[in-house]
Structure formats: C-alpha cells, structure tokens
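Right, one structure below, let's go through it.
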There are 2 protein chains.
Amino acid sequence: MPISLVDVASLAGVSLATASRVVSGSPYKVSSKTRERVLKAVGELGYTPNALARALVTDSNPIIGVIVGSVTDPYFAEICRGVEDFARPHEFLTIVCNADRNLSIEMAYLQMLREYKSLGIIIAGGMYTNTPETEAIREIVRKATEQGIQIVSVGDRFFEGVPTITADHRCGLYDLTNYLIHLGHKEIAFVEGPPDFTTSTSRKQGYLDAMDDANLEPLTYSGSFDYQDGRSSALRILSDGLPEAIIAFNDDSAVGVLNTLRQAGVKIPQDVSVAGVDDIRYAEVLDLTTVNVPMYQLGAMAAHAIFNWEENPPPKQVILPHRVVPRGTTARRVKLATIVSTVEGYPS
Amino acid sequence: MPISLVDVASLAGVSLATASRVVSGSPYKVSSKTRERVLKAVGELGYTPNALARALVTDSNPIIGVIVGSVTDPYFAEICRGVEDFARPHEFLTIVCNADRNLSIEMAYLQMLREYKSLGIIIAGGMYTNTPETEAIREIVRKATEQGIQIVSVGDRFFEGVPTITADHRCGLYDLTNYLIHLGHKEIAFVEGPPDFTTSTSRKQGYLDAMDDANLEPLTYSGSFDYQDGRSSALRILSDGLPEAIIAFNDDSAVGVLNTLRQAGVKIPQDVSVAGVDDIRYAEVLDLTTVNVPMYQLGAMAAHAIFNWEENPPPKQVILPHRVVPRGTTARRVKLATIVSTVEGYPS
DNA sequence: TTGTATGCGTTATCAA
DNA sequence: TTGATAACGCATACAA
C-alpha cells in the first residue's frame, strides 16, 4: 500500500492533520474549501485509509469476530448469518474464525481479535471441559473484556462477566424425550455427544431427567457430532437390538442413525422412531423430528448485544426458546397386538 | 492491551531494541544471559506482541483470508477446511469472510485483508457478471498483488495475473449429461443456476454441448443456488410434465427438486432420474447422483500455492479432476415396452 | 552484543 | 480553521 495520507496532504497542499480530519470524519473543523481539496486529492490518488494504523491509534476496529466450533457444521453457519445480517447495516465487517473445537486454536483467535481491537467477539458453541487450556482461555477473555472488547458467549458455555445467549439444551432434550414418551415409547435410547463436552452433558442430562421422571430406564450409546458417528452408533444399536425410539445428540448424527438403520432394512418410524436436535436445514429436508434451536436468532441477538452494549447492556444470560418439531421420523408406538385389536371385526 | 514491549524492556533492564530482538526471533544477536532476562520479564508480565503494530512495521501478517460466496453453503465450508488444514501447520491463522456473493461486500473484505497485510487471499466461488463493481474489484486485486499479496482464485473466475484453481464446470456437466444419455434418457431437463453467474453459465454450457452432440433437444428451467429454488423449479417441471431426467445446477437445488417431486408422488428414479453437482456431504446421505467437485483439495491446493509461492510459483491455472458419481437417484431408462420384451417368456 | 533513533500510517493534543 | 508534533507498539539501520 504505497499511497498514504501524507501523499494526499501534500497533493492537496494541506497539513497531514487537516487531511486526517476530513478523511476520518472527525467533528467538523475544516472549511468546505479545504475539505474539497482534500477529497479531490483522495479521489485522484485512490487513497484508502489504512485500517491497521487507524486501529492502532484509535484502539478500536470496526470488525466483529465470530469464533465457531466448526466451519463445516451448519449449526454455526446459521449463527454466522445471524451475526452478519445484524453487523452489516452498521458497516462492520464480520470475521469468522474456525477454532475446530480446539481450545489452543480458539485462544489464538481470541488473542488475534483482541490485538486487532475488534469491537466485539462472539464465541459460539460448547467446549471440552477436560483440557488444561480452560483457565488460559478464561484469562484471555478476562483481559479482553478489561480492554473494553465486548464478548458474548453463544452456547452452553459461561465466563465470568460475559453475557451468554443460548437455548436451554437440557430442557430441549427433556421436552423431546417427553414427546417420545407421550407417543407411547418406553425404551428410548440416547446417542450421546462427545464426552466431556458441555452441550453433550446438558443434553444428556435432559434426557436422563425425563426418563427418570417417567420412571423409565435410560439407555445410552456413545456418539459424537457427525454423520459418521451416528452411523457407528447405529451399528451398535442394531447389534444390541432395536429400542422403540432413538434420540441423537444432534441432527447430523441422527441422520447417520437414520440412514444406517434404513440400510439395514429397518422401517422408520414404523419399527423405531428417530429424532435429533438443532433443526438444521437438512432436518426438514429429511423430515426428521427434532428440537428447533433458533440458531439464526442466537447469532442476531449476540450481534445486537454488542452493538447496543452501552445504551442497553445485555443481561447476564438470555435463554431463547426452543421447540420440539414433530416430523415424519417419529410416530406413536403401535404394538402388533394393538393393531389387531383396533381393526374392525378382528378382536384380539 | 496495556502491556507492551517497553514494559518488558524496562522490567528486564534492557533497551527496547534488545527486547524486540528476543521476542521477534530475529537473527541471534543477543547473549543468552540477557535473552533469559527478557524472557523472564515476558513471562511475568504476560506479554504478547501486538499483531497490529507488528504488521504495520513489517508489512506482513501471518494470516490468510478466504473470501467465500456464502457461509451457509457447504460447498465453501469444505474449501475452508482444506485451506485451514494446510495453513495450520504453518502457524497461520485463517480468516473466513462471507461476501454473500455480493461484490461490494467482497471489495470491503478484499480491502481489509489488503490493509491487514495478509500473506494471501483466496477468493472462492464464481461471480455475477452483470454488476458494475467488476472493474473495481479487478483494480483492488491488481493493487493487492502489486503490494505482494498472494491471491488465488478458487472457482470459475479469472483475474489478470492471478492463478486459478478450479474444476472444469463445463466439462463436469458435459460428463454428467452424457452419463444420463448413456442411461438411455433423451428428454433431459436442466435446472439452471442463477443468471449471469459464471458457474451457472459454464455448467449450462456443458449441458447444452452434451445435448447438442447427442442431437437431443435441450430443455431448461430457471433456478438458483438453494433448496427452495429447487423446489420452485420442480413445481414448474411438474406442471409442464415430467421429462425422463433432471439435472440441477448444484446438489442443494437438486435435493429441492427431489423432495418436491417425491412429495408429489413421483417415484425416483423409476419415473424420473435426478442428479446434482458438487457432491456435498448430503448428496451421499441422500444417495443423490452427482458430479464430485474436489472442494477440499481445491482449498488445500490454494493454500499450498500461497505457502510455496516463492520456491514453486503456481501455474496460471490448475484444473482439478471431477468425477461423475452414480448413485440411487438415477437409473437406466426403462420403457414399459422394454420391460415386457425382456421378461422371459413374454415377448413384446 | 547492546542501545539510539527512525519509521510504519493514523489520530489526537496542543498551539498558532 | 489549520499546522506541528506526540503518541500507538513494534522492528530495524546504524552507532556504540
């Protein structure tokens, strides 16, 4: 970038300070005459202010960073869109950073965003609780907030003094499990998320609570985030024998379960009901019963919080409502005996 | 960020220059004794160098930017992953920027990445050709390359002096169309991508060429990127009457076509074959015939080009191989008459 | 081997 | 209203 403000100033025949005043939009203190001269020079030279230098001296940068757990997870894509749609009108650029659910990488991005003096940072997703970096992250987050950067956590994750905007993952699973129970199912299996991951724990707890409240025996299978994880869990379920219903930690793994079961000849929902969580776009496409987590709104609200921090400081915590979305992969439990007994003229 | 190098220097009792030498890893010119003192001060103070200031003075920044057409499009998510997996070992941070297929936004990110002195910029995806910003973008790209930033285009898009890594979209569709022709289909419809978009044009051309070479009459429907677009195209197809096969511009809209047709009672592939392009992850999940575009490799190669620019300058253009992936949504054309004639003992 | 001084491109604080 | 000049945090050419 060879062309700087000094070039503009000299071409316009004014001082650097004056040139700066007009391009930086500082409180009017320059005559329209000189302003025009400067603007003309800017145009002729094709000058654009250097964001780096500007951020260095103003200690602020019109960007907001979104640190996501995984770029390839549609869950986060929706959150990003929510953030961006809100940031765009403010003329802020959104930077998305893929931490790959790795706390070291997350730290690096956090540090970067901090050094860049970004207005705000949105940390999206849950976290692994069994790693040593946890404390270091909290430290960086603390420093960043002290520095004046507005941080909000979007997901099942809490930092001291940082507002959290999330859905109630425990309750979401509680409701979904209950929905299946009300459908008449008793043997309801849960394919867990990755171990030692906050969202996993919360969701599993919701399932366990619902089963417990209904005096039903819980049945869990290990699992993780992805389609392939769902597939391998399904294979284990198949070899154990089918329950009446299966809930997976999230939609992606639920789809893995769904496909594997179907390929094994299992009819869904006739033989077994299957449900996921999140309501990613493909859940609708595949007619998968799930729990809608308002990802877009989560992102939009986080951005809203950042842009209205001063006038309207965000509360410690906001819980956005979830909603069980019944679709075609779940059905009322129908025992063979029941069928026969209900068919006219054929008493059991 | 209150704590800077001067703090470190004074605490260690050395000059700013000396402190800088040890933290910046410059060619050894400092005794191990003082080095140790500085390092100790760094530790005690929790000092971290400021990336902004460093970039400003060194005119370089260990980040690489990926500008994508859409964050919610899984196509780009794969590309990002390819880039990141390559950049990570180099200790470079990857920044993903969502241009939303909007050239103004793209320009803003381009400018930002340029001012940030990023090592490289990867521009992913095609572009709209009917907008006035085209020239301005070329100008920014030119300036950025002059400035020493390594830019590579990943997709159906070409800039003067900028290497392009892409698949042959025209040929991909040519091959896919041919595949359907070899399956015995003659009435093959094409659901187009958005008008005036480079990738749309290329893919459509491939379809048209294949149809022309086979002396078949082309039949096109307007469409766009998304699932919903596929749905509305499918409705129009339904009202026109079903062809023998349908190719959609990409997988996402193909899935829209698929679902809409199925909901209307159409059997796939028995009544009509359906195929998409890209081979996004859900294409496999849905058993959709498609053309595999090596998205991950596209991203990885782009990153490779950037990191090996000096020793091994990238060629003007690299075309990565595509591959028709036959799956369950396409089948050989079977006329009723044909069936009968092939069933043993029942000549037509 | 270490320190001094200058510059990177801006904004901001003072005088003028 | 405008202009010097000092920061911002760091790297480096040059001097010691």
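Chain A is the first sequence line, chain B the second, and so forth, proteins listed ahead of strands; every chain is numbered from 1.
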Here the distance between atom P of C:dG9 and atom CG of B:Asp59, to the nearest Å, is 7 Å
My understanding is that only residues two or more places apart in sequence, or in another chain, count here; which of them pass ring-ring contact (aromatic ring centres under 6.0 Å, His included) with B:Phe92? B:Phe307
Could you tell me whether the side chains of B:Thr94 and B:Glu84 share a donor-acceptor contact shorter than 3.5 Å? no
Atom NZ of A:Lys33 to atom P of D:dT2: distance rounded to whole Å? 10 Å
Using atom CD of B:Gln111 as one end and atom C1' of C:dG9 as the other, report the distance to the nearest whole Å. 14 Å
Could you tell me whether A:Arg157 and A:Glu106 make a salt bridge, using a distance below 4.0 angstrom between a side-chain N and a carboxylate O? yes
How far apart are the C-alpha atoms of A:Ser70 and A:Thr72, what are their side-chain angles, what is the distance that settles it, and do they pass the side-chain hydrogen bond (donor to acceptor under 3.5 Å, both in side chains) test? CA-CA 5 Å; A:Ser70 164; A:Thr72 43; 3.1 Å; yes
Can you work out whether B:Leu56 or B:Thr34 has the more 5'-proximal nearest nucleotide on DNA chain C? B:Thr34
Spacing of A:Asn61 atom CG relative to D:dC8 atom C1', expressed in whole Å: 14 Å
Which part of the nucleic acid, if any, lies within reach of A:Val6 when heavy atoms closer than 4.0 Å are counted: base, sugar-phosphate only, or nothing? nothing
Lys/Arg N to Asp/Glu carboxylate O, B:Arg54 vs B:Asp59, below 4.0 Å: no
Answer yes or no: is there an ion pair linking B:Glu36 with B:Lys33, defined by an N-O contact shorter than 4.0 Å? no
Validation row: A:Thr129, A:Thr134 side chains within 4.5 angstrom (heavy atoms): no
Quick one: pull up CD1 in B:Ile95 and OH in B:Tyr116 and give me the separation to the nearest 0.5 Å. 7.5 Å
Tell me, please, whether B:Phe225 has B:Arg101 positioned over its six-membered ring: NZ or CZ under 6.0 Å from the ring centre and within 45 degrees of its axis? yes
Round to the nearest Å and state the distance from B:Asn50 atom CG to D:dA7 atom P. 18 Å
Whole-Å distance, B:Arg37 CZ to C:dT1 P, equals 15 Å
Whole-Å distance between D:dC8 P and B:Ile3 CD1? 14 Å
Shorter than 3.5 Å, N or O on both sides, protein versus nucleotides 11-15 of chain D: list them out with atom names.
| residue | atom | partner | partner atom | Å |
| --- | --- | --- | --- | --- |
| D:dA11 | OP1 | B:Arg54 | NE | 2.5 |
| D:dA11 | OP1 | B:Arg54 | NH2 | 3.0 |
| D:dA11 | OP2 | B:Ser20 | OG | 2.9 |

Comparing A:Ser32 and B:Leu52 on DNA chain D - which has the more 5′ nearest nucleotide: A:Ser32
Return the value, rounded to whole Å, for the distance between atom CG of A:Asp7 and atom P of C:dT10. 9 Å
State, to the nearest 10°, the angle formed by the axis through the first five base pairs of the helix from C:dT1-D:dA16 to C:dA16-D:dT1 and the axis through its last five. 50°
